[in-house]
Amino acid sequence: MAHPTPMDAQPGTESAYPSWSALRWLFLFRLLMVVGLVLAFSPAASDPALARSDNQLAWNVLVVYAVLVLLSGLGLSLRRPSRISQVQLAIFTDILVYTALMHTAGGVTSGLGILLAVAVAAGALMLEGRLSLLFAALASLAVISEQIYSAMLGGSRAISFTQAGLLGLLFFTVALLAHVLYRRVRSAEALAARRQVDIDDLSQLNEFIIQSIGTGILVADCERRLRLINAAALKLLGVRRVRPGTALHELSAELNHWLAGQVRADQPREGRLAIADREIRVSLKRLGGDRVTGAVVYLCDSQEAEREAQQIKLASLGTLTASIAHNIRNPLSAISHAGQLLSEGPTLSDEDRHLLDIVQRNSARIEETVRSVLQLSRGNQIEPRPIELAAWTQSFADDFREQHGLDDARLQVRIESRPLDVETDPRHLHQILANLCENALVHGHRPDEPARIQLRLSRRDEPDGICLEVRDAGPGIDPATARDIFNPFFTTKSQGTGLGLYIARELAESNGIRLIHTAAKPHGSRFVLTFG
């Protein structure tokens, strides 16, 4: 990425140098020169050359010079005229004033000619060396003209054209050296500017990468004060915003306590912390070999990591089952068909019929398992469309009652508000509700009591916050088990695949629906589908 520098100014445009900041420094330098010259030409001056000067003329020149310097300050504040014109006027004025002061002090022998060299050097540096030879020529002509004028006046003044020539040579030497110095300084400045741009770009890239990483990253110094934190870490810690330099205990007391223990330990290790209702896996990487150095802390949601591992396992399992499903289903169909034919035989004993029932039941279980796993391997291709959720839920309830032989008391529908328009795949929503209701029929009842299910529709305060609850009146799910109910192949019964709730959640998330489980009061379970 190319970035223009002051040396790359386009033709026809004003150069970026000198800057207004450089002009302010030039004004300050000239103001100090005024003060220094006033002190040098004061009656208390000890220099014999200055003591023999024409004080009245010198003071008149100094007054004019002070007024001109102050006017240049006014032009600087008004930014009129242009920057280059202000520098040229300042240098021309300095050459004339310093020559006049040198004349009043006795000519080239006074030593004030060196001030002209300073003016030439300042002009060369301020104008990128472009007019340095012109300034040197003007200063040389001014010195020679002063000598000619002094010779024409006669008197006791010392005339030395040799010294005047040497001063002119000094002016040209200073101009050339200033030009070379300027080119080197500007090259170094341009290189530093390019390096700074590269560093800024790299810093922004690093910041973008760190903020985009899904793993939480936190950097703390030796005093356990925050130096860097990315968005994933803020989310895991339940914090919206934090400033660098914040003490770690203000951000998370649990993390601060764990990090303090790691600093005292010989070897860093991983750990698990309960922070903001999450179980977070933390690991430490010291930035140096010493224990008192800073550290990088990595934060990862344990449940999310386990879920990703399960997704990898299920993807592998889906590939495997897709390849062997044909070899499993054909023999399974043959076994089921043969069992049905045998069950129709009139000579079967009760014991043989019992054995055939076992064969048929287990064949059905295998078929269900294969069908569920194949459904996972095919993926969830959604076809969303607008539906009115209240009417759709009522229709689903009617079909579910008829299919399972339930009355209105055992499957109730409670609609708290209308209309409830959502956009989702009705096939997936039907499968989700069917899985949840069938799960409630099996697990959601107390001993010696029939299962009772309630479907409740409501709208939250925030826009498009529509909720569909599936509630049962069973014994509920203990917290330890509730953490694993959405894991694949997890079941508390000897029968079943353990994929029903997992499939329900996968289908919900593919349709942008959030499915969670909470305990119902005074007892029972609530599975809440949140749309929007």
Side-chain angles (χ1 to χ4, degrees), residues 307 310-311 314 317-318 321 364-384 387 389 392-406 410-413 422 424-445 450-457 466-477 481-520 524-531:
R307 184 180 175 188
Q310 290 170 357
Q311 292 285 358
L314 287 173
L317 181 61
T321 54
R365 289 183 59 191
I366 296 174
E367 173 67 21
E368 181 184 357
T369 301
V370 172
R371 185 173 61 253
S372 298
V373 175
L374 282 176
Q375 183 180 9
L376 291 177
S377 65
R378 295 189 189 104
N380 302 322
Q381 297 180 355
I382 65 172
E383 297 178 1
I387 62 173
L389 193 57
W392 186 93
T393 304
Q394 189 66 57
S395 176
F396 167 83
D398 294 338
D399 293 341
F400 194 84
R401 291 192 195 101
E402 181 179 355
Q403 182 181 358
H404 293 82
L406 304 177
R410 295 189 59 188
L411 179 56
Q412 301 176 358
V413 178
V422 297
T424 188
D425 190 327
R427 299 176 298 108
H428 289 174
L429 184 58
H430 187 281
Q431 185 174 354
I432 294 170
L433 277 187
N435 284 349
L436 295 178
C437 291
E438 289 172 359
N439 187 72
L441 284 178
V442 175
H443 304 280
H445 63 88
R452 298 183 183 276
I453 308 171
Q454 183 183 85
L455 302 180
R456 177 181 295 182
L457 281 167
I466 299 174
C467 293
L468 171 57
E469 297 182 15
V470 179
R471 180 184 299 221
D472 62 61
I477 305 175
T481 304
R483 294 175 53 186
D484 300 321
I485 58 175
F486 290 109
N487 293 337
F489 305 108
F490 176 82
T491 179
T492 58
K493 300 293 184 180
S494 59
Q495 299 180 351
T497 63
L499 290 172
L501 290 179
Y502 175 77
I503 292 175
R505 188 181 64 177
E506 290 297 307
L507 291 174
E509 290 185 352
S510 66
N511 285 268
I513 305 171
R514 184 186 179 194
L515 172 59
I516 61 172
H517 166 267
T518 59
S525 297
R526 293 171 61 241
F527 289 89
V528 183
L529 291 166
T530 304
F531 300 81

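Heavy atoms only: backbone and side chains are in, while hydrogens, waters and symmetry mates are out. The chain is numbered in sequence order, starting from 1.
- One N or O on the side chain of Arg410 and one on the backbone of Ala451 form a donor-acceptor pair closer than 3.5 Å.
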Steps toward side-chain contact (heavy atoms from CB on, under 4.5 Å) verdict (Ile466, Leu389): CA-CA 9 Å; Ile466 299 174; Leu389 193 57; 3.8 Å; yes
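- Closest non-hydrogen pair, Ala397 versus Leu411, comes out as O-CD2, 3.7 Å.
- In this structure, OG1 on Thr393 lies 4.5 Å from CG on Leu457, to the nearest 0.5 angstrom.
- The shortest heavy-atom contact between Ala520 and Ser525 is CB-N, 3.9 Å.
- With a 4.5 Å cut-off on side-chain heavy atoms, Leu529 and Val470 do not count as touching.
- Rounding to the nearest 0.5 Å places CG of Asp398 at 11.5 Å from CG of Leu406.
- Looking only at side-chain heavy atoms (C-beta outward), Phe396 and His430 come within less than 4.5 Å of each other.
- In this structure, the side chains of Arg526 and His517 stay at 4.5 Å or more apart for every pair of heavy atoms.
- Residues Ser510 and His428 meet the side-chain proximity criterion, which asks for heavy atoms closer than 4.5 Å.
- Rounded to the nearest 0.5 Å, atoms OG1 (Thr530) and CD1 (Ile516) are 5.5 Å apart.
- Across every non-hydrogen atom of Leu501 and Phe527, the tightest pair is CD2-CE2, 4.1 Å.
- Between Trp392 and Leu433, some side-chain heavy-atom pair lies under the 4.5 Å cut-off.
- Looking at every heavy atom in both residues, Ile453 comes nearest to Cys437 through CD1-O, 3.5 Å.
- When all heavy atoms of Leu441 and His404 are compared, the pair lying nearest together is CD1-CD2, 3.8 Å.
- Atom CG of residue Asn511 and atom CD of residue Glu506 lie 11.5 Å apart, to the nearest 0.5 angstrom.
- Annotation: side chain of Glu509 is not in contact with side chain of Arg514 (no heavy-atom distance under 4.5 Å).
- Using a 4.5 Å heavy-atom threshold, the side chains of Ile477 and Ile485 count as touching.
- Using a 4.5 Å heavy-atom cutoff, the side chains of Ile503 and Leu507 are in contact.
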